[in-house]
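Working notes for the structure below.
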Amino acid sequence: MTFNDRIFGILMLLLAVAYGWQAQQFPEPFGGAEAIGPETFPTVLAIVLGLTSLYLIVRPDPDNGWPWGKTMIEIVVAIVALIIYTLMLEPVGFIIATTLMVGVLCWRMGAKLLPAFLTGLISAIVTFVLFNYGLELTLPLGVLEF
C-alpha cells in the first residue's frame, strides 16, 4: 500500500488550517460582528477542505498512485489557472476573472470551447448577483466598474 492519499491529505489539511486561520483575520466591520461577514465563505471552504483531507488521511484508497503524464499536466494547468485567477480577481474584477477561470476549467475537463465559456459567464453573473445583492458581500467589479 502506498501513502499517496495520506501525504496529500496531510498537505491539504495544513492548507485548510492556514486558509481558515487567514479567513479569521479579516477586520471586524464597524459596529460589531455580523452574522455573515467577509470571513464566512472562506471559513466554509476551509471546513470542507479540512473534512475531506481528514477523510483522505483516515481512509486512503488502497490502490492509488500519483498521476503521471497527461493527467499530471492537466493538474498543473488547473493549479496555474487558479493562481492566475487569484492575481486577476482584483484588477479585472470578479465577473471577468470567474468567466475565464470556469471557462478554462470546463474546457480542460472536456467541454467544447463556447459552452465552457458560456457556463463560466453564467456562473460568474449568478454568483456575483447572489453575493453582492443577496448576501451583501461586495465582490470587485474591476474594469466593469463605472
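Numbering starts at 1 and runs along the sequence shown.
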Other cluster members, L114 - Ile/Leu/Val/Met/Phe/Trp/Tyr, side-chain contacts below 4.5 Å: L118

Pairs meeting criterion ring-ring contact (aromatic ring centres under 6.0 Å, His included) with involvement of residues 70-121, two or more places apart: none

Would you compute the distance between atom CG of L15 and atom CG of L45 and round it to the nearest 0.5 angstrom? 10.5 Å

Linked, directly or transitively: V76 and M101 (ILVMFWY side chains, under 4.5 Å): yes

Kindly write out the residues that satisfy side-chain contact (heavy atoms from CB on, under 4.5 Å) with A18, not counting sequence neighbours, or none if the list is empty. none

Give every residue pair that meets the side-chain hydrogen bond (donor to acceptor under 3.5 Å, both in side chains) criterion with at least one member in residues 111-129, sequence neighbours excluded. none

Restricting to side-chain contact (heavy atoms from CB on, under 4.5 Å), what partner residues turn up for I96, sequence neighbours left out? V92, L100, V143, L144

In this structure, CG of L54 is separated from CD1 of I10 (nearest 0.5 Å) by 10.0 Å

From R6 CZ over to L13 CG, what is the distance, rounded to the nearest 0.5 angstrom? 14.0 Å

Taking only residues at least two apart or on different chains, which pairs with a member in residues 75-104 satisfy salt bridge (charged side-chain N to carboxylate O under 4.0 Å, His left out)? none

Shortest non-hydrogen contact from A116 to C106? CB-CB, 3.7 Å

Kindly state each residue pair satisfying salt bridge (charged side-chain N to carboxylate O under 4.0 Å, His left out) with at least one member in residues 114-123, sequence neighbours excluded. none

Residues that I84 engages under side-chain contact (heavy atoms from CB on, under 4.5 Å), provided they are two or more places apart: V80, M88

With ILVMFWY side chains joined below 4.5 Å, transitively, what does V126's cluster contain besides itself? I122

Tell me whether V102 shares a hydrophobic cluster with V104, the cluster being built from Ile, Leu, Val, Met, Phe, Trp, Tyr side chains joined at under 4.5 Å. no

F8 with V58, same ILVMFWY side-chain cluster at under 4.5 Å: no

Verify side chain to side chain contact (heavy atoms under 4.5 Å, CB included) between M12 and L49, making sure each step is shown before the conclusion. CA-CA 7 Å; M12 290 300 102; L49 179 59; 4.1 Å; yes

How many angstroms lie between CD1 in I95 and CG in L89, if you round to the nearest 0.5 Å? 11.0 Å

Rounded to the nearest 0.5 Å, how far does CG of L105 lie from CG of L82? 6.0 Å

Joining Ile, Leu, Val, Met, Phe, Trp and Tyr whenever any side-chain heavy atoms lie under 4.5 Å apart, the cluster holding Y55 also takes in none

Those residues that, when tested against E74, pass side-chain contact (heavy atoms from CB on, under 4.5 Å) (two or more places apart): K70, R108

Other hydrophobic cluster members with L51, side-chain heavy atoms of Ile/Leu/Val/Met/Phe/Trp/Tyr under 4.5 Å, chained? I47

